[in-house]
Amino acid sequence: MRKVKKAVIPVAGLGTRFLPATKAMPKEMLTVVDRPVVQYAVDEALEAGIEHIVFVTGRNKHVIEDYFDIQPELLDTLTRSGKHEQLASLNRLQPQPGTISFTRQQAPHGLGHAVWCARDIVGDEPFALLLPDMVSFGEKGCLSGVMDLYEQTGGNVVAVEQCDPMETGSYGIVGKGARVGPGFAITGMVEKPAPEAAPSNYYINGRYVLQPDIFDLLDTQERGAGNEIQLTDAMVRLATSQEFFASPFEGRMFDCGSKDGFIQANVAFALARDDIRGMVLEPIEEMIVSRRRRIQAA
Ligand code: G1P
């Protein structure tokens with residue numbers, strides 16, 4: 001079985017749900033506590049053993065490239081002012097030269113098209129895919145579970161969670177087959193089905209390990225849901241010749257592409273941090289109590 005060394009992270013989306021914040025700033029640079037959303041995806045990929053990250057960017061996303069580069073003036077200033085802790089934390093996050101690539105998706109044709117744009121850099125090897133809007137929260141990052149199952153099964157693996165059966169129209173949905181290790185074999189996949197057409201309520205939560213054969217299929221993939229080139233549609237075609245498995249995620253995924261998910265992620269990550277919990281827990285509890293009182297009084 002070929003090792004998964006590269007991860008693709010698409011960051012070309014416009015982020016219209018966060019206007020006006022995203023008018024001049026990529027949505028992937030919005031912060032959850034004190035780190036940009038995209039940093040969480042990179043950390044999760046590295047934790048899972050990934051060695052090289054391929055970003056699929058677009059116009060107005062150059063800040064992401066700058067973010068992952070060294071900022072000599074900043075490092076000098078921190079050194080001179082003795083801010084050793086901040087310096088060490090920046091150094092810890094700094095990717096090694098040559099371990100990150102950037103390629104551009106020139107027009108917003110959909111997720112399938114964004115992934116296809118990475119084909120030359122990924123080459124002929126299995127790769128991981130992380131959709132950075134979905135921020136993984138839990139003891140172990142979601143991709144680690146996907147990689148563990150992949151090591152047992154080979155083929156293609158996607159992470160899944162269960163959604164409200166009425167919300168299948170927002171996601172890629174998989175059909176549940178026989179149990180395999182901690183996961184199950186996938187019997188079918190549909191992109192954004194209406195509840196009555198959904199094979200289950202297990203939704204694809206934005207983490208994948210895919211074989212490179214997906215690129216040839218994406219080459220000829222016709223537009224699907226939302227008039228976009230859908231990755232799930234190409235996966236359905238790949239599933240006619242290769243196996244797909246689902247890795248149920250034990251933690252929790254926050255959809256930071258939506259306002260509610262983004263705010264919940266900020267609260268969850270803040271409460272999980274020893275240096276911040278104390279500062280936010282009490283005020284949040286007070287806000288909740290006083291809101292309840294207002295509702296009861298009304
Ligand atoms: C994409 C995928 C979908 C998946 C979702 C997870 O949809 O196409 O299969 O369930 O991400 O966030 P999007 O959110 O880009 O519409």
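- Salt-bridge annotation for Glu250 and Lys140: absent, with no side-chain N of the basic residue lying under 4.0 Å from a carboxylate O of the acidic one.
- Crowding of Gln71 atom CD: a count of heavy atoms from other residues, nucleotides or ligands under 6.0 Å exceeding 12.
- No side-chain heavy atom of Thr16 sits less than 4.5 Å from a side-chain heavy atom of Thr22.
- At least one donor-acceptor pair closer than 3.5 Å links the side chain of Arg119 to the backbone N or O of Trp116.
- In this structure, Asp233 contributes its side chain and Ile229 its backbone to no donor-acceptor pair below 3.5 Å.
- Phe55 and Phe68 have their aromatic ring centers within a separation under 6.0 angstrom.
- When every heavy atom of Leu130 is checked against every heavy atom of Ala7, the shortest pair comes out as CD1-CB, 3.7 Å.
- A heavy-atom distance below 4.5 Å is not found between the side chains of Phe244 and Val157.
- Applying the ring-ring contact (aromatic ring centres under 6.0 Å, His included) rule to Phe254 yields the partners Phe137; only residues at least two apart in sequence or on another chain are considered.
- At least one side-chain heavy atom of Asp274 sits less than 4.5 Å from a side-chain heavy atom of Arg277.
- Within the 4.5 Å cutoff, no side-chain heavy atoms of Phe245 are placed close to those of Tyr150.
- Side chains of Thr220 and Arg237: a donor-acceptor N/O pair is present below 3.5 angstrom, by distance only.
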Evaluate the side-chain contact (heavy atoms from CB on, under 4.5 Å) criterion for residues Cys256 and Val32: first the C-alpha distance (whole Å), next the side-chain angles of each, then the deciding distance (0.1 Å), finally the verdict. CA-CA 9 Å; Cys256 289; Val32 170; 4.1 Å; yes
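- Within the 4.5 Å cutoff, no side-chain heavy atoms of Glu73 are placed close to those of Asp76.
- Ala270 and Val33 make their closest contact through N-CG2, 3.6 Å (heavy atoms, listed as atom of the first residue, atom of the second, distance).
- The residues Glu125 and Lys5 are annotated as not salt-bridged, no charged nitrogen and carboxylate oxygen being separated by less than 4.0 angstrom.
- The side-chain heavy atoms of Asn60 and Pro26, taken from C-beta on, include no pair separated by under 4.5 Å.
- Arg35 and Asp43 are joined by a salt bridge, as a carboxylate oxygen and a charged side-chain nitrogen come within less than 4.0 angstrom of each other.
- In this structure, the ring-ring contact (aromatic ring centres under 6.0 Å, His included) partners of Phe127, at least two apart in sequence or on a different chain, are Phe215.
- Here the side chains of Glu44 and Val135 are not in contact, with every heavy-atom distance at 4.5 Å or above.
- How far CE of Met29 is from CG of Asp66: 9.0 Å, rounded to the nearest 0.5 Å.
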In sequence, state the C-alpha distance, the side-chain angles, and the governing distance for Val146 and Val158, and then conclude on side-chain contact (heavy atoms from CB on, under 4.5 Å). CA-CA 7 Å; Val146 174; Val158 300; over 6 Å; no
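- By the side chain to side chain contact (heavy atoms under 4.5 Å, CB included) test, Asp124 pairs with Arg2, Pro212, sequence neighbours left out.
- Between Leu218 and Gly112, the shortest heavy-atom distance links the atoms CD1-O, 3.5 Å.
- Under the side chain to side chain donor-acceptor pair (under 3.5 Å) criterion, the residue pairs touching residues 83-109 are His52-Ser101, Gln105-His113, His109-Arg223, with sequence neighbours excluded.
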Please tabulate, for side-chain N and O atoms in residues 181-197, each donor-acceptor pair with protein atoms closer than 3.5 Å (sequence neighbours left out).
{"unit_1": "Thr187", "atom_1": "OG1", "unit_2": "Gly175", "atom_2": "O", "d": "3.3"}
{"unit_1": "Glu191", "atom_1": "OE1", "unit_2": "Thr232", "atom_2": "OG1", "d": "2.5"}

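- Ion pairing between Lys3 and Glu51 holds under the 4.0 Å rule for side-chain N and carboxylate O.
- Here CD of Glu161 is found 6.5 Å from CZ of Phe249. Values are rounded to the nearest 0.5 Å.
- Between Ala246 and Leu149, the shortest heavy-atom distance links the atoms O-CD2, 3.3 Å.
- When atom types are taken as modelled, the side chain of Lys27 and the backbone of Ala21 share no donor-acceptor pair closer than 3.5 angstrom.
- The minimum heavy-atom distance linking Asn201 with Pro165 is given by the pair CB-CA, 4.3 Å.
- Looking at every heavy atom in both residues, Arg207 comes nearest to Met134 through NH2-O, 2.5 Å.
- To the nearest 0.5 Å, atoms CZ (Arg292) and CD1 (Ile295) are separated by 8.0 Å.
- For the atom pair CG of Asp69 and NE2 of His62, the computed distance is 13.5 Å after rounding to the nearest 0.5 Å.
- Side-chain atoms of Glu243 and Asn156 form no donor-acceptor pair, as typed in the model, at a separation below 3.5 Å.
- Separation of atoms CG (Leu19) and CG (Leu14) is listed at 8.5 Å; rounding is to 0.5 Å.
- Considering only residues two or more places apart in sequence or on other chains, Tyr67 meets the ring-ring contact (aromatic ring centres under 6.0 Å, His included) condition with none of them.
- One distance of note links CG of Leu129 with CD1 of Ile9; it measures 9.0 Å at 0.5 Å rounding.
- Counting only N and O atoms by type, the side chains of Gln152 and Asp148 include no donor and acceptor under 3.5 Å apart.
- Side-chain atoms of Thr31 do not come within 3.5 Å of backbone N or O of Asp34 as any donor-acceptor pair.
- Residues Tyr208 and Leu231 meet the side-chain proximity criterion, which asks for heavy atoms closer than 4.5 Å.
- Arg59 CZ: 12 or fewer foreign heavy atoms inside a 6.0 Å radius.
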